[in-house]
Asks: 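The structure under discussion is supplied below as structure tokens; questions concerning it will follow.
What you see is a predicted model, and the numbers here were worked out from it, not measured in a lab. Below, all heavy atoms of this structure are taken into account, side chains as well, without hydrogens, waters or symmetry copies. In what follows, chains carry the letters A, B, and so on, assigned in the order in which the sequence lines appear, proteins first and then strands, with residues in each chain numbered from 1.
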Number of protein chains: 2
Amino acid sequence: MDRAPLEIATPTIYDVAALAGVSIATVSRVLNTRGHARPETRDRVLDAAAELQFVPNGAARQLSSRVKQVLALVFVRPPAKEPGDENDDLAEVETDLLFTDSVIRGAEAAAQQHGYSLLLRGVHAGDVATTTSLTGKSDGLIVLDQVLPSHRVASLAARTPMVLLAGSGRSRSARTVRVDNRGGMEAIAEHLIGTHCLHRLAFMAGIDSSPDSYTRAEAFRSAVEHLGASFEEQDAWWSADWTAAGAADAMRRRIEAGPPLPEGIACANDQMAVGVTHALREAGLRVPADVAVTGFDNIPLARYLRPPLTTVRQPAQQLGAVAVDTLVAMTERSAPPPRNVVLPTHLVVRSSCGCRTNGRGSGSADPRYEQ
Amino acid sequence: MDRAPLEIATPTIYDVAALAGVSIATVSRVLNTRGHARPETRDRVLDAAAELQFVPNGAARQLSSRVKQVLALVFVRPPAKEPGDENDDLAEVETDLLFTDSVIRGAEAAAQQHGYSLLLRGVHAGDVATTTSLTGKSDGLIVLDQVLPSHRVASLAARTPMVLLAGSGRSRSARTVRVDNRGGMEAIAEHLIGTHCLHRLAFMAGIDSSPDSYTRAEAFRSAVEHLGASFEEQDAWWSADWTAAGAADAMRRRIEAGPPLPEGIACANDQMAVGVTHALREAGLRVPADVAVTGFDNIPLARYLRPPLTTVRQPAQQLGAVAVDTLVAMTERSAPPPRNVVLPTHLVVRSSCGCRTNGRGSGSADPRYEQ
DNA sequence: TTGTAAGCGTTATCAA
DNA sequence: TTGATAACGCTTACAA
């Protein structure tokens, strides 16, 4: 308590050894509980380390042990906006990346369970240099969709453990983890057509360079046609982004173009479903009475929207977690990692498709109701 | 093209030097563009590095240069749920952490601009050990609210550059970055009382161990009383968490407890405002006609809710960015970092408070309308 | 059980 | 302009 605090800027293992009167090897062994030490020396070392508040230098440890205990996650950051209208744009960007956030969260949680930390890096699409440099700082790479062109993926994957996330799943060179987009959209199509007998359908897509968006659009279109409903070219709108605002704008334009409007609109994510609903309502149209609307993702607020949103649940956090598990398996060679993983999606039926929900009562907020 | 690819597991600077016929010192100089090299040797080195796809080992570089170019961000992860009802719980957890996600995003973006990566680590509240160990892997620490008890903060801050985020702002030992919670809640109180002449008000708080929640509750209560409206003990509900579901439950319980209900309910975040609105509507009450509801955060979907949510915008991304800027200033001693930063909040008036919004037309989706 | 010493792959300081 | 060579702080044989 009244002891003068030792003033060593940042103590090394040598300082601890000196204070405890042992060699650095002993300190290392004690601190890593490797080998056996006499209880007495053990205590001396521990005391010394505590007194100096010793924290091992990560770089040195990594260099020596050849293991970094770090996994890097690379994602695409939308290009920076002009300064000025900053705040509003930030809000939109935020919407845009909700999915990435969930993946990050899941990955971080899984990494932690394996004893790893997550190194985060947003890059511009195609930025090979920074992606590559992360290789030197981590034991393995998780690369989100759209970060690298496929030939780059191949050459990187040859040199370092790497998992490709949420892409088309077509890479031959890297392990891949993704979600069953196709199954989800087929379920939506079946529901709209089979249950609600809708015939004229449309799709609101996200950024058109995204395989996720493309796959969902394609799956929906082919399911719709296969089920005998129509899907006219005019009604395959492509919004500029994944946001509610972008979708609302696209919907307004479509409304101005004049009737006949489709009877049902499937959106590539939940935020866009919100935007579409908003625009329809502005124009005096009712959802779902006049037009049915569905989403994709099942964001937490989906069940509280009006009307509660029918959507597809995709396990975004699990996506990140599985990627980490795979990467750890590759790095530690503990178990043979699966080559390609496809996680299931589930239709979540609420009211925006036209299904009746007991608007009062606790029904609509009860997960059991939603299957 | 038809050259046999060199097979070196992971090439070092020695391999590059050998291939280029120079010393490792020269390789290092060329690659870091330090000092001058003859163009000819320069090219030889660059070619060799390219051919081997050389990527410097981060650990070695860090150890030698004493700079890691890594900033760590520590946040509290809610305790893990029991396996079993996994999916639904994940959805809730997700809601809960939106704020943290934004901070992370802002921090990552700022870090990147300074040339740093972000090391992410979720911990359980009070987990000193892992927090400390991050010290060894990074140049500085950003510690989110609730991670460490204050005496730990002090001792850690003495040993490593560190910024405390979104806390009470009371730490004497560490730099602090937070948001003007008080100003935001005062604006809400003034609006509800001054503009809408409401007299019986209530507050829906988040987790009660959170300084953010506490500060908002306190600020609202004192503003309300100062303005001559009433704030009765019975109506200071505390929901178990920050989620829509938790708030809906709390609201249902309050409704069951019987009238008189408050005329206005201020919530500590937007998600809870959604839950409160949902529960009120279940009970046949109209928002805002019967009860006004407000939020805090201004999440992207807020303007698309029904009714569009009156709330307080807080610059979550900027919070993370400022923390990083401060940390970098501390680490590089480039500029004197500010000791305590308080970022402004802004009232965003929409309709859930009782203000009229043109429900049709583009007004409600137009940011300019909202001040 | 403990200590000595050889790496780990860089950067950086000297000489040459 | 280049090349030896000494750190950097740790882990880990190998000896004692």
Asks: Taking 4.0 Å as the cut-off, does a side-chain nitrogen or oxygen of A:Ser64 come that near to OP1 or OP2 on D:dC10?
Replies: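 It does not, given that no N or O in the side chain of A:Ser64 lies less than 4.0 Å from OP1 or OP2 of D:dC10.
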Asks: Rounded off to whole Å, could you give me the CG-to-P distance for the A:Asn57 and D:dA7 pair?
Replies: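 Those two atoms, CG and P, are 17 Å apart.
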Asks: Could you give the CZ-to-P distance, from A:Arg34 to D:dT12, as a whole number of Å?
Replies: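 In whole Å, D:dT12 P and A:Arg34 CZ are 5 Å from each other.
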Asks: Starting at CD1 of B:Ile13 and ending at C1' of D:dA4, how long is that distance when rounded to a whole Å?
Replies: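 In whole Å, D:dA4 C1' lies 14 Å from B:Ile13 CD1.
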Asks: For A:Val16 versus A:Ala48, what's the shortest heavy-atom pair and its separation?
Replies: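 So the minimum-distance heavy-atom pair works out to O-CB, 3.8 Å.
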Asks: Okay, side chain of B:Thr135, backbone of B:Thr132: is any donor-acceptor separation there less than 3.5 Å?
Replies: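 Yes; judged by distance alone, with no hydrogens or angles, the pair exists.
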Asks: Heavy atoms only, 4.0 Å cut-off, all strands: where does A:Ala25 land among base, sugar-phosphate and nothing?
Replies: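 Here A:Ala25 touches the bases of the nucleic acid.
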Asks: Return no unless some side-chain N or O of B:Thr12 is found under 4.0 Å from OP1 or OP2 of C:dG9.
Replies: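 B:Thr12 to C:dG9 OP1/OP2: no side-chain N or O under 4.0 Å.
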Asks: OP1 or OP2 of D:dG9 less than 4.0 angstrom from a side-chain nitrogen or oxygen of B:Arg66, does that happen here?
Replies: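 Yes, within the criterion.
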Asks: Quick one: does any side-chain atom of B:Ser65 pair with a main-chain N or O of B:Arg61 as donor and acceptor, under 3.5 Å?
Replies: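 Side chain of B:Ser65 to backbone of B:Arg61, a donor-acceptor pair under 3.5 Å: yes, one is there.
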Asks: So, under a plain 3.5 Å distance rule, would you say the side chain of A:Arg29 forms a donor-acceptor pair with the base of C:dG3?
Replies: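 Yes, a donor-acceptor pair under 3.5 Å.
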Asks: Look at the side-chain N and O atoms of B:Ser28 and state whether any lies under 4.0 Å from the OP1 or OP2 oxygen of C:dT11.
Replies: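 It does, given that an N or O in the side chain of B:Ser28 lies less than 4.0 Å from OP1 or OP2 of C:dT11.
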Asks: For B:Arg38 and D:dT2, what is the distance between atoms CZ and C1' respectively, to the nearest whole Å?
Replies: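 The distance from CZ of B:Arg38 to C1' of D:dT2 comes to 9 Å, rounded to the nearest Å.
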Asks: May I have the distance from A:Asp43 (atom CG) to C:dT2 (atom C1'), rounded to whole angstrom?
Replies: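 After rounding, the reported distance stands at 16 Å.
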Asks: Under a 3.5 Å distance rule, please check whether B:Thr160 uses its side chain to pair with a backbone N or O of B:Ala157 as donor and acceptor.
Replies: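 No; zero donor-acceptor contacts below 3.5 Å.
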Asks: What is the distance, to the nearest angstrom, from the CG atom on A:Leu31 to the C1' atom on D:dC10?
Replies: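 Those two atoms, CG and C1', are 11 Å apart.
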Asks: Return no unless some side-chain N or O of A:Thr41 is found under 4.0 Å from OP1 or OP2 of C:dT2.
Replies: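 For C:dT2, OP1/OP2 do have a side-chain N/O of A:Thr41 under 4.0 Å.
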Asks: D:dG9 P sits how many Å from B:Arg61 CZ, rounded?
Replies: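 Value for this atom pair: 18 Å.
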Asks: Taking the minimum atom-to-atom distance to the side chain of B:Ala37, which one of D:dT2, C:dG3, C:dG9 wins?
Replies: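 Nearest listed nucleotide: D:dT2.
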Asks: Picking from D:dC10, C:dT1, C:dT11, which would you name as closest to the side chain of B:Ser65?
Replies: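 Of all the options, the side chain of B:Ser65 is nearest to C:dT11.
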Asks: B:Ile24 side chain: which of D:dT5, D:dT1, C:dG9 is closest?
Replies: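 Nearest listed nucleotide: D:dT5.
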Asks: Please answer whether the main-chain N or O of B:Leu71 pairs with a side-chain N or O of B:Asp139 as donor and acceptor at a distance below 3.5 Å.
Replies: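 No, because the side chain of B:Asp139 does not come within donor-acceptor range (under 3.5 Å) of the backbone of B:Leu71.
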Asks: Figure out the CG/C1' separation between B:Leu63 and C:dT11, and round it to whole Å.
Replies: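 From B:Leu63 CG to C:dT11 C1': 10 Å.
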